[in-house]
Amino acid sequence: MPRLATQLGGGRLFVKRDDCTGLALGGNKARQLEFYFGRAQAAGADTVMITGAVQSNYVRMTAAAAAKLGMASIVQLEERVAGMGEDYHTSGNVLLDHLFGADIRHYPDGEDEEGADASLADIAAEVKRNGGTPFIIPLGPNHPPRGALGYVVAAGELLDQAREMGIAMDVAVIPSGSGHTHAGLLFGLRMLGSSARVAGICVRRDKVVQRQRILNLTREIAVLLGRPPLVGDDDVWLVDDHLAPGYGRPGPTTLEAIKLAARCEGLLVDPVYSGKALAGLIGLIKGGDLLPESNVVFVHTGGMPAAFAYRDLLAPLL
């Protein structure tokens, strides 16, 4: 991203285009869903179920993957962002959920992962009574993080691509929400012997709470793979300077990042995940935390359909 680097005072910036993963307008969830849908198919499931925010990219891609594989999808949308208007509830990812044929349910509490999973289990029981075979992609942390394995694999892909370009990746910058992408990439890099740092930009929780979540996930990944716990506390680098005003709400630095990416690189980032992550990258450069000679890779996790649901909040850019 040479023009953006110049705008920020120099440096070597690259972007990993995981917004272009080839399913339903792309995003990081394609890599995670490979492992869940593989397990669902192995179990003979005909219905896949998931919970997410109203504008969840994960939900959108789950509904699309189910359609592609000839399976039904039941998606439970939870209210994580209060006070949003009609666009938020009808446009963007919600519009696509309907287009992919998802059976859409609702859950009122956006901060109750265990309750949301329990609600989905009740719906699964309903599916079974009607003769179906459901498979639940869990929301809460008390389940094996199979989706994170997608980013263990991605770590190898990223290192191979950097090698082909003749660069040594020093830092990867990534949004840190559920933690599966962040933890998977970090574990994968350490498993492959890379000392590259991973800066996780908080998009839902502050860095104190998120740190324990990432550490727990990396330990659970180690168990899944039969590996030693390769990630230590010092490996977990989190930044929460751009979290405010909260999940699903872009602050001034995120809006500025969205504009800079569009006008310097023709690159679109969303107001919930990738926009906040890019704001974090920009903040690290301005704060002197990233050296100009470092090779910095921004992992673009997608999320663009949600931008259309945020028309009012993006209006200041126009």
Just verifying a value: how many Å separate [X] [atom1] and [Y] [atom2], rounded to the nearest 0.5 Å?
X      : Y      : atom1 : atom2 : result
Leu25  : Leu23  : CG    : CG    : 9.0 Å
Leu255 : Leu317 : CG    : CG    : 5.0 Å
Leu96  : Met61  : CG    : CE    : 11.0 Å
Ile137 : Asp117 : CD1   : CG    : 11.5 Å
Leu139 : Leu120 : CG    : CG    : 9.0 Å
Met169 : Ser195 : CE    : OG    : 9.5 Å

Report yes or no: does [X] contribute a side-chain atom to a donor-acceptor pair with the main-chain N or O of [Y] at less than 3.5 Å?
X      : Y      : value
Arg190 : Ser194 : yes
Thr21  : Gly27  : yes
Lys276 : Leu243 : yes
Ser119 : Gly115 : no
Gln32  : His180 : no
Asp206 : Val209 : yes
Glu265 : Leu4   : yes
Glu79  : Tyr107 : no
Arg3   : Cys264 : yes
His89  : Gly85  : yes

side-chain contact (heavy atoms from CB on, under 4.5 Å) between Ile174 and Leu185, worked out: CA-CA 9 Å; Ile174 196 163; Leu185 181 63; 3.9 Å; yes
Neighbour count above 12 (heavy atom, 6.0 Å) for Gln161 CD: yes
side-chain contact (heavy atoms from CB on, under 4.5 Å) between Phe135 and Thr47, worked out: CA-CA 6 Å; Phe135 179 89; Thr47 305; over 6 Å; no
Arg80 charged N/C atom sitting above Tyr247 aromatic ring, 6.0 Å / 45°: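 Positive - Arg80 is close enough to the ring of Tyr247 and near enough to its axis.
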Ring-face cation contact, Tyr151 with Arg31, 6.0 Å cut, 45° max: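 Yes, cation above the ring, under 6.0 Å and within 45°.
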Heavy-atom pair with the smallest gap, counting every atom of [X] and [Y]:
X      : Y      : answer
Ile214 : Ala183 : O-CB, 4.2 Å
Lys128 : Pro134 : CG-CD, 3.6 Å
Pro271 : Thr254 : O-CG2, 4.0 Å
Phe37  : Leu69  : CD2-CD1, 3.6 Å
Ser178 : Arg213 : O-NE, 2.9 Å
His143 : Pro138 : CD2-CB, 3.3 Å

N-O pairing of [X] and [Y] below 4.0 Å:
X      : Y      : result
Glu113 : Arg205 : yes
Lys259 : Glu256 : yes
Glu111 : Arg204 : yes
Arg60  : Asp97  : no

Test log, rule side-chain contact (heavy atoms from CB on, under 4.5 Å), inputs Met191 and Leu225: CA-CA 10 Å; Met191 188 177 75; Leu225 296 178; 4.1 Å; yes
Table please: side-chain donor-acceptor pairs of residues 284-297 below 3.5 Å, with sequence neighbours left out.
unit_1	atom_1	unit_2	atom_2	d
Ser294	OG	Leu291	O	3.4
Asn295	OD1	Arg12	NE	2.4
Asn295	OD1	Arg12	NH2	3.4
Asn295	ND2	Ala168	O	2.9

Side chains of [X] and [Y], heavy atoms from C-beta outward: is any pair under 4.5 Å?
X      : Y      : answer
Val81  : Arg249 : yes
Arg146 : Arg39  : yes
His300 : Val269 : yes
Leu238 : Ser176 : yes
Ser274 : Asp19  : no
Trp237 : Val171 : yes
Arg17  : Leu267 : yes
Ile136 : Ile50  : no

Candidate pair Glu78 and Asp109, rule side-chain contact (heavy atoms from CB on, under 4.5 Å), full reasoning: CA-CA 6 Å; Glu78 53 177 5; Asp109 190 343; over 6 Å; no
Asn57 and its side-chain hydrogen bond (donor to acceptor under 3.5 Å, both in side chains) partner, picked from Asp270, Thr301, Thr62, Asn93: Asn93
Under 3.5 Å, is there a donor-acceptor pair linking the side chains of [X] and [Y]?
X      : Y      : value
Asp87  : Ser91  : no
Thr253 : His242 : yes
Asn216 : Glu220 : no
Asn28  : Tyr58  : no

Phe14 ring center within less than 6.0 Å of Phe298 ring center: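 No - the distance between ring centres of Phe298 and Phe14 does not fall below the 6.0 Å cut-off.
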Cluster overlap Val127 with Met71, hydrophobic side-chain contacts below 4.5 Å: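 Shared cluster, no.
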Val48 with Phe100, same ILVMFWY side-chain cluster at under 4.5 Å: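 No, Val48 does not connect to Phe100 through the hydrophobic network.
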